[in-house]
Amino acid sequence: MRKIVILTGAGISAESGLGTFRDAGGIWTKYPLEDVATPEGFARDPVLVHEFYNARRVQAAAAQPNAAHHALARLQRDWPGEVVIVTQNVDGLHEAGGASNVIHMHGTLAGALCAGCGHRWVAPETMDTTTPCPACTRPSARPDVVWFGEMPYYMDTIFDHLASADLFAAIGTSGQVYPAAGFVQEATASGARTIELNLEPSAVASNFDETRFGPASRVVPDWVSDMLGLRG
Ligand code: APR
């Protein structure tokens, strides 16, 4: 079992104090996603969307990685094979926890994108409708995150990794948003073993060979210790 591909979702950052989306009291229960996570919502009310992402950028910058983030970094360091982390999260906590080469399929709060010329740069802590693009100088900055209706980033790379995975693990994701929710089928079709580590069964839990339920800060370090044979 040489190559491990890991998909993470909001649940891995929950114990770092960052909200999930679909749990009770989740982000989408406070902000209709149509208003703050679609191109149409941004066109309709860019001030609201900038305020939403500015608040999340400040919150994510103050958050600390938890034991689950650190455990995945340990797995990357100590596993005798490739460990690829693909995250749906935009919070940057995997890197803060020591992970490397993380694939951000939904972009990052730290990134800014020019809706005019496509230029990307490191976002200021707060952006608004006057933030100029450093390349074309137009006031057309937007968060460099993938909204509903937009194509996630790095999909070809991700499918290549799934095609060559020996083990696929999904951590802290509800399995309700595709294409990420379908990664377990891709991995299974490639002959990989699959495991879900989540607080509770996801919508696609039945597709996994193994499931472990509980808070990521406990379940993920335990799983990594098992993988590294350091148990006990
Ligand atoms: N430990 C482990 N899992 C947890 C924890 C925890 N402490 N707390 C919550 N969870 C689980 C929940 O049970 C749920 O299955 O994390 C999952 C979070 O699901 P969502 O809120 O749907 O988040 P996610 O799966 O990442 O959403 C996917 O949808 O809205 C878009 O772009 C957004 O990237 C996001 C995507």
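Whatever order the structure lists them in is the order used to number ligands and atoms, beginning at 1. Remember, predicted model here, so these are calculated numbers, not experimental data.
- Looking at V177 next to ligand 1, no N or O pair under 3.5 Å apart turns up.
- The shortest contact between atom 30 (O) of ligand 1 and any protein heavy atom is with W28 NE1, 2.8 Å.
- Between F159 and F183, the ring planes lie perpendicular to each other; the angle is over 60°, past the 30° to 60° tilted range.
- Nearest non-hydrogen protein atom to atom 3 (N) of ligand 1 is L199 N, 3.1 Å.
- I171 and F168 fall into different hydrophobic clusters, defined by Ile, Leu, Val, Met, Phe, Trp and Tyr side-chain heavy atoms under 4.5 Å apart, directly or through other members.
- The shortest N or O to N or O distance between P215 and ligand 1 is not under 3.5 Å.
- Those atoms of ligand 1 with a heavy atom of F148 less than 4.0 angstrom away are 30 (O), 31 (C).
- Closest to atom 35 (C) of ligand 1, if we only count protein heavy atoms, is F21 CE1, 3.7 Å.
- Ranking protein heavy atoms by distance to atom 11 (C) of ligand 1, first place goes to N198 OD1, 3.5 Å.
- Under 3.5 Å, the side chains of H69 and S13 contain a donor-acceptor pair of N or O atoms.
- Ligand 1 has an N or O atom lying under 3.5 Å from an N or O atom of S174, backbone or side chain.
- Following chains of ILVMFWY side-chain contacts shorter than 4.5 Å, one can reach Y178 starting from M105, so the two form part of one hydrophobic cluster.
- At a threshold of 4.5 Å between side-chain heavy atoms, the hydrophobic network of Ile, Leu, Val, Met, Phe, Trp and Tyr places L18 and V90 in two separate groups.
- Considering backbone and side-chain atoms together, A10 places an N or O closer than 3.5 Å to an N or O of ligand 1.
- Residue contacts with ligand 1: H106 is included, with a non-hydrogen atom under 4.0 Å away.
- What sits closest to atom 1 (N) of ligand 1 on the protein, heavy atoms only, is A216 N, 2.9 Å.
- In this structure, G172 has a heavy atom closer than 4.0 Å to ligand 1.
- Atom 25 (O) of ligand 1 has T173 OG1, 2.7 Å as its closest protein atom, hydrogens excluded (heavy atom only).
- Looking at heavy atoms from C-beta onward, T108 lies out of side-chain contact with E95 at the 4.5 angstrom threshold.
- Residue V86 is grouped with residue V204 when hydrophobic side chains (ILVMFWY) are merged at heavy-atom distances under 4.5 angstrom, including chains of intermediate members.
- At the shortest separation from atom 7 (N) of ligand 1 among protein heavy atoms lies E15 OE1, 3.0 Å.
- Note: L113 CG to H119 NE2 = 9.5 Å, rounded to the nearest 0.5 Å.
- Taking 4.5 Å as the limit, every side-chain heavy atom of T173 sits out of range of all side-chain heavy atoms of F21.
- When non-hydrogen atoms are compared, ligand 1 lies under 4.0 Å from the backbone of Q88 as well as from its side chain.
- In terms of protein heavy atoms, atom 5 (C) of ligand 1 is closest to G11 O, 3.6 Å.
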